[in-house]
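Everything below concerns the one structure shown next.
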Amino acid sequence: MPRRPTGLAHISEKDMAAFRMLWCVEHTPRQLLNLTDSRIKALSKLGYIECCRNAKNVPIIHCTKAGRNFISQLPGFENRRAYVSTHSPAHNCKLATIYAEKSPEQQQNWRTERELAELCHDRMGELRQQDFDRWSDLQSSPWSPADGGVMSDSGELEEAIEVITVNYGDLECKEVFARVLDAPISYYKA
């Protein structure tokens, strides 16, 4: 049987769980991926991931551009936007830990920062048409999307999640984002 063009003969449920996490959080602590050393070596050899360490010498897996391209072709990732960040791996590892603590259903309904930005932009357009007074109040304040969030089955943002690092600035932009989407926002320290 010829090999699949991906270079992977088989994609297991463990692989899919790891790919979902890497899609949602670019830098992930090695132990959260639940992959064998040989599988990590194979994915690294294909150029889908890179193994590195953070400042505390914790093994980190970084999803490469080739990895994001590969994952985007898998079932369930079509029309989804990956989380891509040049922020510190500590920030992304904390976000990965939060993601890993969510239930499988919540992980399935996880949205990345880019997807939340699109959602907020769309909501502002709706408000402009339907509630001009609220729109004009909100549009005068800058907003910035949360790092991630969990959507409900009805398509509403159930929880926005923001990871705060040592050098974090103003949180007001995140609060405006949460008000636009009528969602609670949870803050976590990296």
Side-chain angles (χ1 to χ4, degrees), residues 16-17 19-28 62-165 167-190:
M16 287 302 287
F19 293 148
R20 276 192 294 277
M21 183 174 288
L22 288 168
W23 185 258
C24 293
V25 186
E26 185 179 15
H27 296 91
T28 304
H62 166 75
C63 187
T64 64
K65 183 177 181 180
R68 290 188 303 275
N69 288 339
F70 166 70
I71 294 169
S72 72
Q73 297 170 19
L74 295 174
F77 294 95
E78 308 90 352
N79 303 314
R80 296 283 316 273
R81 306 246 350 224
Y83 179 86
V84 180
S85 172
T86 57
H87 290 82
S88 72
H91 170 277
N92 294 343
C93 288
K94 179 63 176 180
L95 191 59
T97 302
I98 295 164
Y99 173 89
E101 292 170 351
K102 298 295 181 187
S103 71
E105 182 179 300
Q106 289 173 316
Q107 289 178 2
Q108 200 68 24
N109 291 329
W110 183 272
R111 296 297 177 262
T112 65
E113 184 174 20
R114 287 180 173 189
E115 291 170 322
L116 292 176
E118 290 172 1
L119 184 67
C120 191
H121 180 74
D122 292 347
R123 179 70 178 135
M124 286 295 283
E126 290 171 12
L127 285 174
R128 186 171 187 198
Q129 300 297 319
Q130 299 167 3
D131 189 347
F132 190 80
D133 291 337
R134 183 168 177 226
W135 172 81
S136 46
D137 176 48
L138 290 169
Q139 69 89 28
S140 64
S141 302
W143 59 268
S144 177
D147 293 318
V150 178
M151 302 296 287
S152 68
D153 290 334
S154 64
E156 299 296 318
L157 185 61
E158 205 170 85
E159 177 190 19
I161 295 161
E162 183 65 25
V163 175
I164 301 168
T165 57
N167 300 326
Y168 211 85
D170 185 20
L171 295 176
E172 181 60 30
C173 294
K174 304 299 180 176
E175 294 292 333
V176 173
F177 165 80
R179 285 197 333 255
V180 169
L181 295 176
D182 295 319
I185 187 164
S186 301
Y187 295 100
Y188 298 86
K189 282 191 172 184

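Atom set for the values below is all heavy atoms of this structure, side chains included, hydrogens, waters and symmetry mates excluded.
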What's the separation between atom [atom1] in [X] and atom [atom2] in [Y], rounded to the nearest 0.5 Å?
X	Y	atom1	atom2	result
Q107	M21	CD	CE	6.0 Å
R114	L116	CZ	CG	12.5 Å
M151	E156	CE	CD	7.0 Å
S152	Q106	OG	CD	11.0 Å
C63	N69	SG	CG	9.0 Å

Side-chain donor or acceptor of E162 paired with backbone N/O of D147 under 3.5 Å: yes
Check: R128 side chain, W135 main-chain N or O, donor-acceptor pair, under 3.5 Å: no
Counterpart residues, side-chain hydrogen bond (donor to acceptor under 3.5 Å, both in side chains), relative to T64 (two or more places apart): none
Under the side-chain hydrogen bond (donor to acceptor under 3.5 Å, both in side chains) test, residues paired with T112 that sit two or more places apart: E115
Shortest non-hydrogen separation from E113 to A146 and the atoms involved: CG-O, 3.3 Å
Where R111 and Q108 come nearest, the two heavy atoms and their spacing: NH1-O, 3.7 Å
Report all side-chain donor-acceptor pairs from residues 136-143 shorter than 3.5 Å, counting only partners two or more places apart or in another chain.
unit_1: S136; atom_1: OG; unit_2: F132; atom_2: O; d: 3.0
unit_1: S136; atom_1: OG; unit_2: D133; atom_2: O; d: 3.2
unit_1: S140; atom_1: OG; unit_2: D137; atom_2: O; d: 2.9

Output a table of donor-acceptor pairs, distance under 3.5 Å, between side-chain atoms of residues 118-126 and any protein atom two or more places apart or on a different chain; print 'none' if there are none.
unit_1: E118; atom_1: OE2; unit_2: R81; atom_2: NH1; d: 2.4
unit_1: R123; atom_1: NH1; unit_2: E126; atom_2: OE1; d: 3.3

Partners meeting side chain to side chain contact (heavy atoms under 4.5 Å, CB included) with E101 (sequence neighbours left out): T97
Heavy-atom side-chain contact between R20 and F77 under 4.5 Å: yes
Heavy-atom side-chain contact between F70 and F19 under 4.5 Å: yes
Tell me which donor-acceptor pairs under 3.5 Å the side chains of residues 178-190 have, and how far apart each pair is, sequence neighbours excluded?
unit_1: D182; atom_1: OD1; unit_2: R134; atom_2: NH2; d: 2.8
unit_1: S186; atom_1: OG; unit_2: E159; atom_2: OE2; d: 2.7
unit_1: Y187; atom_1: OH; unit_2: E175; atom_2: OE2; d: 2.6

CA sep, side-chain torsions, deciding dist, call: E105, D153, side-chain contact (heavy atoms from CB on, under 4.5 Å): CA-CA 10 Å; E105 182 179 300; D153 290 334; 3.9 Å; yes
Geometric class of the W110/Y99 ring pair [parallel <30°, tilted 30-60°, perpendicular >60°]: perpendicular
